[in-house]
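A quick write-up on the structure given underneath.
Just so you know, residue 1 is the first one in the sequence shown, and it goes up from there. Since this is a predicted model, take the numbers as computed values, not measurements.
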Amino acid sequence: MYEPFFGLRERPFDLTPNPRYLFLTNRYREALGNLVYGLAGRKGLTVLTGEAGTGKTTLLTVALAQWREAGHLVATLRNPTMDRLEFLQFLAQEFGLSEAAAQSKTVMLKEFEALLRQRHAAGLLTALVIDEAHSLPTELLEEIRLLANIETPDTKLLPLILLGQPELADRLNDPSLRQLKQRVALRCSLVPLDLRETAAYLAKRIQLAGGDSLNLFTREAVTAIHHGSGGIPRLINVISDNALVNGFAAGVRPVGQDIIRDVCLDFDLPVLSATLPPGAAGAAQAVGSTAPPAAAVAVAPAVVAPAVAPPVAPPGILSDARVVPIGAIAAPASEPEPESEARSWIRWLLRPLSFLTFRDRA
């Protein structure tokens, strides 16, 4: 709807886990490496935790991409709220076991281990991924521990990946699950993006969608998006997409901080304080108003970014995911930038915070 207005080929902030829009900070790169290594190295149990919306499913999609070839089999359980019998039925269905295996744990374990050994001998990967693992009943966590015991003298036959919110870490610290915790071979957690990473995230998605970051959001809008989202990628997408819709409806380009504030209020998200423009305090004294005198009207302090050391450009991104390295995103050559002012977020990101000169337009 708003794509032509902002010069985009497609919507850059959809909520689907599209690997083309993968954004890797150092922590995300480490997490992706753990997932890939856990599968390829048959490491047994791998755990990835992170707040809702931090991108666990997107990372999983990328990690599984190379195992989509014929022969490899990775079963993914996305709703683990089930009892033991339903779990057995799921395993039997996903791994092609008999109907008897779906009704008997003894039969299932016998058939399943035979299948795993046969596929391992053929050089094929067989793995189980459980999303939303923090919701697993304790009895199923115990079943997962038993599945992790299927092995040969030199390798695990069934790599297992558990993805969940931070509550999963609390579950693993339960003394009754200490045996399962001891079997965790790889573990990593995702954290929200900081302000600089949020701006880079926005710029990269806009660039991949065919747009110019300078034409979509002002500097103040980027700061407000980060504040409202708390650095959670899913919330960044929600705020940005709705802000572009509102900007299109109002005919405003680039979108400023005021539109971001309205969106955050609509979604009951934190709103960034802003300095009132000159005369705003006096304007509060409307005709017939019973408001206090202008001198008593509180004015929110301006948000000033602290001076820090010059940032280091993030390293390159996985080429298989067709992700553009941050340093490669630049303004169009047809519009040379003034030497006294940054032309894009990327130039802004690569300069000290004390020298930010992003377009000053709220």
Side-chain angles (χ1 to χ4, degrees), residues 12-41 43-68 74-82 90 94 125 127-137 140-141 144 148 159-173 180-181 183-194 197-198 200-202 204-205 226 229-241 314 317-318 320-323:
F13 300 110
D14 284 345
L15 297 181
T16 53
N18 187 344
R20 179 169 174 261
Y21 284 93
L22 177 66
F23 177 77
L24 294 178
T25 63
N26 289 335
R27 178 57 68 93
Y28 278 66
R29 183 174 287 102
E30 176 188 350
L32 180 58
N34 279 358
L35 294 178
V36 172
Y37 180 50
L39 292 170
K43 296 300 294 181
L45 186 58
T46 301
V47 174
L48 174 62
T49 59
E51 289 289 351
T54 50
K56 299 183 294 294
T57 302
T58 301
L59 285 180
L60 176 64
T61 301
V62 175
L64 296 180
Q66 62 179 309
W67 302 107
R68 299 302 185 189
V74 180
T76 303
L77 177 59
R78 301 192 181 280
N79 184 5
T81 307
M82 54 180 61
F90 168 80
E94 290 295 315
L125 174 71
L128 174 62
V129 177
I130 300 180
D131 203 356
E132 304 294 335
H134 57 277
S135 301
L136 278 167
L140 292 193
L141 286 171
I144 290 170
L160 293 135
I161 294 179
L162 301 183
L163 287 80
Q165 296 177 21
E167 292 84 353
L168 176 60
D170 297 333
R171 298 285 305 280
L172 292 175
N173 288 330
L180 175 62
K181 182 179 179 179
R183 285 166 171 75
V184 176
L186 297 169
R187 184 168 176 174
C188 193
S189 60
L190 300 180
V191 296
L193 306 179
D194 61 26
E197 292 167 344
T198 298
Y201 174 89
L202 290 166
K204 186 186 73 63
R205 293 186 75 99
H226 175 260
S229 66
I232 301 295
R234 182 183 296 161
L235 291 180
I236 293 173
N237 288 0
V238 169
I239 295 172
S240 300
D241 186 63
I317 308 300
L318 292 182
D320 291 342
R322 294 189 294 163
V323 175

- Query: Can you name the one residue among Phe23, Phe13, Tyr28 that meets ring-ring contact (aromatic ring centres under 6.0 Å, His included) with Tyr201?
  - Reply: Phe23

- Query: Do side-chain atoms of Arg27 reach the backbone of Ser189 as a donor and acceptor pair under 3.5 angstrom?
  - Reply: yes

- Item | N/O donor-acceptor pair under 3.5 Å between Asn18 side chain and Arg20 backbone | yes

- Query: Heavy atoms, side chains only, cut-off 4.5 Å: are Glu132 and His134 in contact?
  - Reply: yes

- Closest contact, heavy atoms only, Ser229 versus Ile239: N-CD1, 3.7 Å

- Closest heavy-atom pair, Ile236 versus Ser240, reported as atoms and distance to 0.1 Å, is O-OG, 2.8 Å

- Leu180 to Leu172 - nearest heavy-atom pair and separation: CD2-CD2, 3.8 Å

- Hey, are the side chains of Thr49 and Leu162 touching, using non-hydrogen atoms and a 4.5 Å cut-off? no

- Query: Between Lys204 and Tyr21, is there a donor-acceptor pair closer than 3.5 Å when you use the side chain of the first and the backbone of the second?
  - Reply: yes

- Query: Side-chain contact, heavy-atom cut-off 4.5 Å: Thr46 with Pro159?
  - Reply: no

- Determine the minimum heavy-atom distance between Pro192 and Glu197, stating which atoms define it. O-OE1, 4.4 Å

- For Cys188 and Asn34, the nearest pair of non-hydrogen atoms, with its separation, is CB-ND2, 3.3 Å

- Message: I'd like to check Ile232 versus Thr54 (side-chain heavy atoms, cut-off strictly below 4.5 Å). Are they in contact?
- Response: yes

- Is the count of non-hydrogen atoms from other residues, nucleotides or ligands lying under 6.0 Å from Gln165 atom CD greater than 12? yes

- Query: What's the shortest heavy-atom distance between Leu163 and Leu168, and which atoms?
  - Reply: C-CD2, 4.4 Å

- Query: Does a side-chain heavy-atom distance below 4.5 Å link Ile161 with Val74?
  - Reply: no

- Message: Could you check whether any side-chain N or O of Arg171 sits under 3.5 Å from a backbone N or O of Leu136, counting only pairs where one atom can act as donor and the other as acceptor?
- Response: yes

- Item | Side chain proximity check, Asn237 to Arg205, heavy atoms < 4.5 angstrom | yes

- Message: Let me confirm one number: the NZ-CG distance from Lys56 to Leu35, rounded to the nearest 0.5 Å.
- Response: 11.5 Å

- Message: If I take atom CZ from residue Arg234 and atom CD from residue Glu51, how far apart are they, to the nearest 0.5 angstrom?
- Response: 11.0 Å

- Within the distance-only criterion (no hydrogens, no angle test), does the side chain of His226 pair as donor or acceptor with the backbone N or O of Leu193 below 3.5 angstrom? yes

- Task: Dump the intermediate steps for side-chain contact (heavy atoms from CB on, under 4.5 Å) on Gln66 and Leu39, then the final yes or no.
- Result: CA-CA 10 Å; Gln66 62 179 309; Leu39 292 170; over 6 Å; no

